[in-house]
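In what follows, chains carry the letters A, B, and so on, assigned in the order in which the sequence lines appear, proteins first and then strands, with residues in each chain numbered from 1.
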Amino acid sequence: MFKKTHVLLTLVLLLVFSLAGNVLPGQHKAAAKEKHNKTLVMGTSADYAPYEYIDTAKGNKIIGFDIDVARHIADKLGYNLEIKDMDFNGLVPALDAKRVDFVMAGMTPNAERKQKVDFSDTYYKAKQLIVTDDPKIKKIEDLKGKAIGVQLGSIQEKEAKKIADKVDNVSIEKRNKVPDLVQEIMSKRFNAAVIEDGVAIEYLNKNPDLSSFVIPGSASAGSAVAFQKGSGLTEKFNKEIASMKKNGELDQYAKKWFEPKTEKKAEKKSIVDFSTIMPSIPYILKGILTTLKFVVVSILLGFVLGTILALFKISKVKVLRWGADAYTSIFRGTPLILQLLIIYNATPQLTGYKIEPFLAGVLTFGLNSAAYVSEIIRAGINGVDKGQREASMALGVSYGSMMRQIILPQALKNILPALMNEFITLTKESAIIAVIGTTDIMRRAQIVGADTYRYFEPLITAGIIYYLMVMTLTVLGRMLERRMSRGD
Amino acid sequence: MIKIENLHKTFGKNEVLKGISTEIAQGEVVAVIGPSGSGKSTFLRCINMLEEPTEGKVWFKDQEVTTQASKIQQVRKKIGMVFQHFHLFPHMTVLENLAYAPVTVNKTPKREAEAAARELLKRVGLEDKEGEYPGRLSGGQKQRVAIARALAMNPEVMLFDEPTSALDPEMVKEVLDVMKSLAQSGMTMAIVTHEMGFAKEVADRVLFLDDGILVEDAKPAEFFAQPKSERAQAFLEKVL
Ligand SMILES: Nc1ncnc2c1ncn2[C@@H]1O[C@H](COP(=O)(O)OP(=O)(O)OP(=O)(O)O)[C@@H](O)[C@H]1O
Ligand SMILES: [Mg+2]
């Protein structure tokens, strides 16, 4: 039995290292041929069509109005362009942390943002629309007593507040992303949403049930490029924007991306329709590898660290016991997503090291899982008959050998179901890393949703994939359990 | 071989050993008897420092065991111990149980350790069980494997803590027979036991413990014929 477990362990380790080997170095290089010898890194949030989004049916390239403009300017200035995709709320922190050189994400300069970053002149002016599925809502006053949705931290949030000041009983609901707003309208949770014209057009094109009108006197917010405070790039970009405005190049790009497509007034689609997302399914499937790598590396890290912590917890040294208990208490006592955001955002701020999303995710999940694993292993060790320890000691076996070869193997056998449970939880919870932009299964499902304007189908696809992964783990666990119980 | 001087052991407020001094000579077989809770196990476990004495000294040959906490592993290698509840390693086969310590502690080559282990299994009459897991053995077989496991380290002393108390009556004899032949081969042994017949027959000396005090230290013939102390008399009346 001993040998077989070793073989299995070796296999797992090999798998992990081969996976880790091709994932740790830089995640996505710009596909463009390196035309220039300098590169600018642009941060964006690719779920804001037509400004920037991923055409998931065709691959994973980010396209859109902003991208065209950015490429144009970068090229003129003699730079290659590398694009980093992340959550909209992470863009300003990313500039702060010098992860990116500039940000283009249909971002409007407001006072809050201006405190942290510099803005270029506006390169596009948008209007704010009320988008609704209620044909009776035709003007601001019709919103009385209704719920309107806005993107959290956006200029539309301010616009909605102005409406709420004028009209009675308007409740404002906030979501992280525009697609969520539309989805909430479809699910009848919101009556309307404030969305920018360029963005709203796509939804209006694809969904005949939606109608819209311009908010009168709405701040005609302009999109501008954001830079680090005092960046030398601001001036250079302003010059290019001015010249693009003058020679009509900006208008051309705007026409390409913002003009409504006249060809379709789409036929009403059935409630569930996988055909729309069929071409995007391979895109979601690619997330399996990311999720798998992530889960395997996290589990391993958590297991090794958890074992060490468990040994601390049963050690005779008070400081170690206390430290391990405090560690567990902290990681079990705070939300995982909070730990993730702290590690991802605070690391660059405190140390200057721009931690990659994958690494930040693995660290968080590894550290978090270690807290739970250490409790499981501690219970397992305590569950091993004290006589085993005494028999080993009486034979002159050292503490290390005793733990590795006598106590832990027996403890592991007893706690295998609990450990398996922890690994399954970790696999499912791994979907949280979508928040920091790791393109795992979950994130890809969301991107496909934003691209195809269908939400149910990609989520169901992701759900099936997670379920199958968990089932595989469960079966593997049972096999391992059977193998380990041979001695009984 | 072993010298014990003024041994005290306290658990919390409970003083279990109250100053015990004695010696065990090379090749001597000593039976330790006494009522339940009198401190017999604790006494035995202080010899190889499974319990740390609160006061007093223990020597193994010329080494003082009690001061050399760091070298205790070296001493334990030379002192075999057999427990009431066997404590075999359940995830290892019988052969692995025997070869484990020699390979891990003494760095004996695996082949050599296994050959020696097979010899020992023959000696305790279990040569056909080497591939079995402990869970499949009877109590008597388990205890014989446990004795063989201790012997695999070539100890100079063997400590037994009620080796037959957990066994069904029909299995007691097979274990006692192994111990008897071990005694005859000249092994130094300290045996905590309730088997008075065995003590009388095999032991060179009897130590009678009561309430943490070494009340009598005598030849078995004398002790069992006419114990000097009242406590021993009372005890023998109950068990014989
Ligand atoms: N680890 C321990 N912690 C606290 N008290 C203990 C411990 N081990 C033993 N004792 C106590 O010490 C006393 C002597 O125990 P010991 O096991 O040495 O007696 P014994 O003579 O071997 O008894 P028995 O014949 O029942 O095995 C008992 O009162 C017991 O409760
Ligand atoms: Mg006892």
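Contacts of B:Phe83 with chain A are made by side-chain atoms alone, with heavy-atom separations under 4.5 Å and no backbone atom involved.
Within a 6.0 Å radius of NZ in A:Lys286, more than 12 heavy atoms belonging to other residues, nucleotides or ligands are found. Counting heavy-atom neighbours within 6.0 Å of A:Arg478 CZ, excluding the residue itself, gives a total of 12 or less. Counting heavy-atom neighbours within 6.0 Å of B:Glu52 CD, excluding the residue itself, gives a total of 12 or less.
Side chain of B:His91 to main chain of A:Ile407: no donor-acceptor pair is present (N/O by atom type, distance under 3.5 Å, no hydrogens or angles).
The greatest number of non-hydrogen atom pairs below 4.5 Å with chain A, out of B:Val82, B:Leu159, B:Leu88, B:Asn106, is found for B:Leu88. For the set B:His85, B:Arg149, B:Met81, the count of heavy-atom pairs under 4.5 angstrom toward chain A peaks at B:Arg149.
Contact between B:Tyr100 and A:Met402 at its shortest, heavy atoms only, is OH-N, 4.3 Å.
Inspection of non-hydrogen atoms places A:Asp385, A:Gly387, A:Gln388, A:Glu390, A:Ala391, A:Ser392, A:Met393, A:Ala394, A:Leu395, A:Gly396, A:Val397, A:Ser398 of residues 377-399 of chain A under 4.5 Å from chain B.
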